[in-house]
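In the text below, chain A, chain B and the rest are named by the order of the sequence lines, each starting its count at 1.
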2 protein chains.
Amino acid sequence: MRVLAVEDDHRIAADVAAALESAGFHAETCANGEEAWFRGDTEDYDLIVLDLGLPGMDGLSVLKRWRAAGREVPVLVLTARGAWHERVEGIEAGADDYLPKPFRMEELVARARALVRRAAGHGAAVQNAGALSLDTNRMAVTVRGVPVPVTALEYRLLAYLVLNRDRVIPPTELLEHVYGDDDSREANALEAVIARLRRKVGPGVIGTRRGFGYFVEGGGA
Amino acid sequence: MRVLAVEDDHRIAADVAAALESAGFHAETCANGEEAWFRGDTEDYDLIVLDLGLPGMDGLSVLKRWRAAGREVPVLVLTARGAWHERVEGIEAGADDYLPKPFRMEELVARARALVRRAAGHGAAVQNAGALSLDTNRMAVTVRGVPVPVTALEYRLLAYLVLNRDRVIPPTELLEHVYGDDDSREANALEAVIARLRRKVGPGVIGTRRGFGYFVEGGGA
DNA sequence: CGGGGGCTGTCAGCTTGCTGTCAGCGGCGC
DNA sequence: GCGCCGCTGACAGCAAGCTGACAGCCCCCG
C-alpha cells in the first residue's frame, strides 16, 4: 500500500506521513508540484494525498495532468477551510475525495482507507435517503431512479442533509457548512437554495421544522 | 449523559453548558485545571469539553494525567484559532477531537454528540421519561410510541422538564431557560404553553405543584 | 474579445401557523 | 365557603419561512 503525500508544509507532511505509516501504509512525501506530477505519473501508488496550495506547479494542474494522462490513482485533496470553490474544482478535476484543513489525522486515515477500499472495488459511494439517492462519486442525484440535475451549491447542501439524515439541521450549521466562514450573505440565500432544490427533487423530500431547521428522512439506509 | 465543561471564561462556559443542556446533556462546569483534573479523575463523565488555556494546571497536562491514569473518557479540546501546535499536541496527548475558537454552539453540540455516540457504540440520542420519549436529533416527541407534533418553543420547554425529571421546576427558572432573559412576557405566557403541551401529550405527563412549579416523572430512565 | 447562458444572492410580497394576551372559569387550599 | 392560583379557549399580531422575479457574476463559447 504505497501512498504519496504531496504537501509543502514539512511539518504537516511529516504528520500525515506518520499517521499513514501507523495505519499500515507505506508513505512517501513530496513538497513541490513538478516532482509530484513526475512521481505520480511514473510510479504506481495506491493513493495520493494532494495539497492544492503548492509552490511550483499548482496542485489542481498536477491533478488534471494525471487525469489527462489516464492515471486513475485515487486522489484525496486537501483544501483550505472554507474555500469550497477549491473543493468543487478539485472534484471536477478528478479528485476522489477532499478534506478541508485543518483536519484530524484520524479522519485523514479513515478517508484514505475508504478511498483505497473503494478503488479496490468494495465501496458504496451511493447514499440513499428515502426516495433520494446521491452518488458521491459523480456528484449526481436521483429521485426514485430519475436523475435530477443539481448545481454544485445545491449538491453540497443536499449532501450535508443526506449525510446527517434523520437529524434536524439548524440554518446556522447549514450556512457554515455550505459557505465556509466568509459570511456576508443574507439569511434568505439559504431559503432560496432550499426552494430551488425542492422544486427539483419534488415535495416530501426536504422537510422544515419551523424554529429549528431542515431535515431529510432516511428510510433507505 | 454527564458532561464536564472545563473553561475559565465564565461566559463561554455558561454558553457551552446551556447549549449542551438543550441538546440533552447534563452539563457541569469547572474553571481551573486542578479541579478539572480531580473531577475528571474521580467522577464518571460521558464527555469532557476541555479548554487548553487554563489558570492553574494547563489543560494539556490535565489531559495527559487523565490518560496516564487510564481514564478513557472522550475529550473534546477547545483550542485558540490557528494554534496548530496546540491541536497536534492535544491529539497526541489523547484528545478525541478538537474545535478551534471561535466556534458555533451548533458545531460543538454536533461534535459532542458524535463523540458520545462513537464512545457508546451506538447511543441513541433519545431521552425517556415515563410515557414520554424525546428524540434530540429529530427534535421530535412521542408519547407511548405515538408521535406528537410540537413547536420549537414547546419542545424547548418539554426538553428542559424531561432533562430535569423528578424535580419541580419553578416558573421563573422555566421562563429564564425557555426565553433568554428578556422578561417582557406576562407570566401567563408560560401557562399557555404548558396548557397547549398538555393537550398534545395527554394528561398525566406534566404535573403541577401548586405554588412551586411544574415537573415530569421519570420512570423510563 | 464580446455575447450568452446558467448559477446564485437579493428583494419584496405573501402565507402560514406560532405565540402572547385577555377574559372568564375551575379547583385546590385554607 | 371564599379567595386565589392556575387552567383554558379564543383571538389577533407577528415573525419565520416560501416564492417568483430580477440582476450581477462568472464561465464558456463563439
Side-chain angles (χ1 to χ4, degrees), chain A residues 60 64 83-93 139 141 148-158 161 168-216, chain B residues 139-141 148-159 161 168-215:
Chain A
L60 267 181
K64 282 180 188 161
W84 50 266
H85 52 92
E86 276 192 3
R87 295 175 208 167
V88 176
E89 288 167 8
I91 298 286
E92 282 170 356
M139 297 186 72
V141 175
V148 172
V150 293
T151 70
L153 182 66
E154 289 163 359
Y155 176 84
R156 250 177 290 139
L157 203 160
L158 193 56
L161 287 176
V168 177
I169 317 288
T172 52
E173 187 180 336
L174 268 180
L175 278 170
E176 185 177 342
H177 177 84
V178 173
Y179 299 114
D181 289 321
D182 46 342
D183 245 355
S184 59
R185 281 147 186 107
E186 295 284 323
N188 202 338
L190 187 64
E191 296 169 12
V193 180
I194 291 275
R196 282 193 273 263
L197 256 177
R198 281 195 176 130
R199 201 179 321 159
K200 287 183 180 178
V201 301
V205 178
I206 303 175
T208 305
R209 191 129 286 168
R210 187 173 258 250
F212 285 117
Y214 300 92
F215 66 94
V216 305
Chain B
M139 310 286 190
V141 175
V148 172
V150 292
T151 70
L153 185 65
E154 289 163 0
Y155 177 86
R156 250 179 292 148
L157 202 158
L158 195 56
L161 287 176
V168 177
I169 317 289
T172 52
E173 186 180 338
L174 269 178
L175 277 169
E176 186 177 339
H177 176 83
V178 172
Y179 311 105
D181 287 316
D182 50 339
D183 41 8
S184 61
R185 279 138 184 120
E186 297 283 325
N188 200 334
L190 186 64
E191 296 169 10
V193 180
I194 292 275
R196 281 193 275 261
L197 257 177
R198 280 194 176 130
R199 198 183 325 162
K200 287 182 180 178
V201 301
V205 179
I206 303 175
T208 306
R209 181 138 295 162
R210 213 180 171 80
F212 290 104
Y214 301 92
F215 65 93

By side-chain contact (heavy atoms from CB on, under 4.5 Å) - contacts of A:V168 (at least two apart): A:R209, A:F212, A:F215, B:M139

Global bending angle along the helix from C:dC1-D:dG30 to C:dC30-D:dG1, which compares the axes of five pairs at either end, to 10 degrees: 30°

Flag side-chain contact, heavy atom, 4.5 Å: A:L158 against A:I206: yes

Rounded distance in Å - CG (A:L197) to P (D:dG20): 15 Å

Nucleotide nearest A:L153 when distance is taken to its side chain, options C:dT8, C:dC11, D:dA10: C:dT8

Atom-pair distance (CG on A:L157; P on C:dT8), nearest Å: 11 Å

Whole-Å gap separating C1' (C:dG26) and CZ (B:R198): 14 Å

Between CD1 on residue B:I169 and CD on residue B:E176, distance to nearest 0.5 Å: 12.0 Å

Presence of A:Y179 side-chain N/O under 4.0 Å of C:dG9 phosphate oxygens OP1/OP2: yes

Under the side-chain contact (heavy atoms from CB on, under 4.5 Å) test, residues paired with B:E191 that sit two or more places apart: B:N188, B:Y214

Nearest listed nucleotide, side chain of B:R196, among C:dG20, D:dC18, C:dT8: C:dG20

Presence of A:Y214 side-chain N/O under 4.0 Å of D:dC18 phosphate oxygens OP1/OP2: yes

Atom-pair distance (CD on A:E154; C1' on C:dG6), nearest Å: 11 Å

Any residue meeting side-chain contact (heavy atoms from CB on, under 4.5 Å) with A:P171, in chain and number order, not counting sequence neighbours: A:L190

d(CD1, B:I194; P, C:dC18) in whole Å: 17 Å

Residue pair B:L157 / B:L153, side-chain heavy-atom distance below 4.5 Å: no

Of the listed nucleotides C:dG9, D:dC18, C:dA23, the one nearest the side chain of A:E191: D:dC18

Whole angstrom value for the distance that separates P of C:dC7 from CZ of A:R156: 13 Å

Sequence neighbours excluded, every pair satisfying salt bridge (charged side-chain N to carboxylate O under 4.0 Å, His left out) that has a member inside residues 197-207 of chain B: B:E154-B:K200

Near-strand residues of residues 205-212 of chain A, defined as heavy-atom separation under 4.0 angstrom from DNA chain C: A:R210

Between P of D:dG17 and CG of A:L175, the distance in whole Å: 11 Å

Length of the CG-C1' vector between A:N188 and D:dA15, whole Å: 14 Å

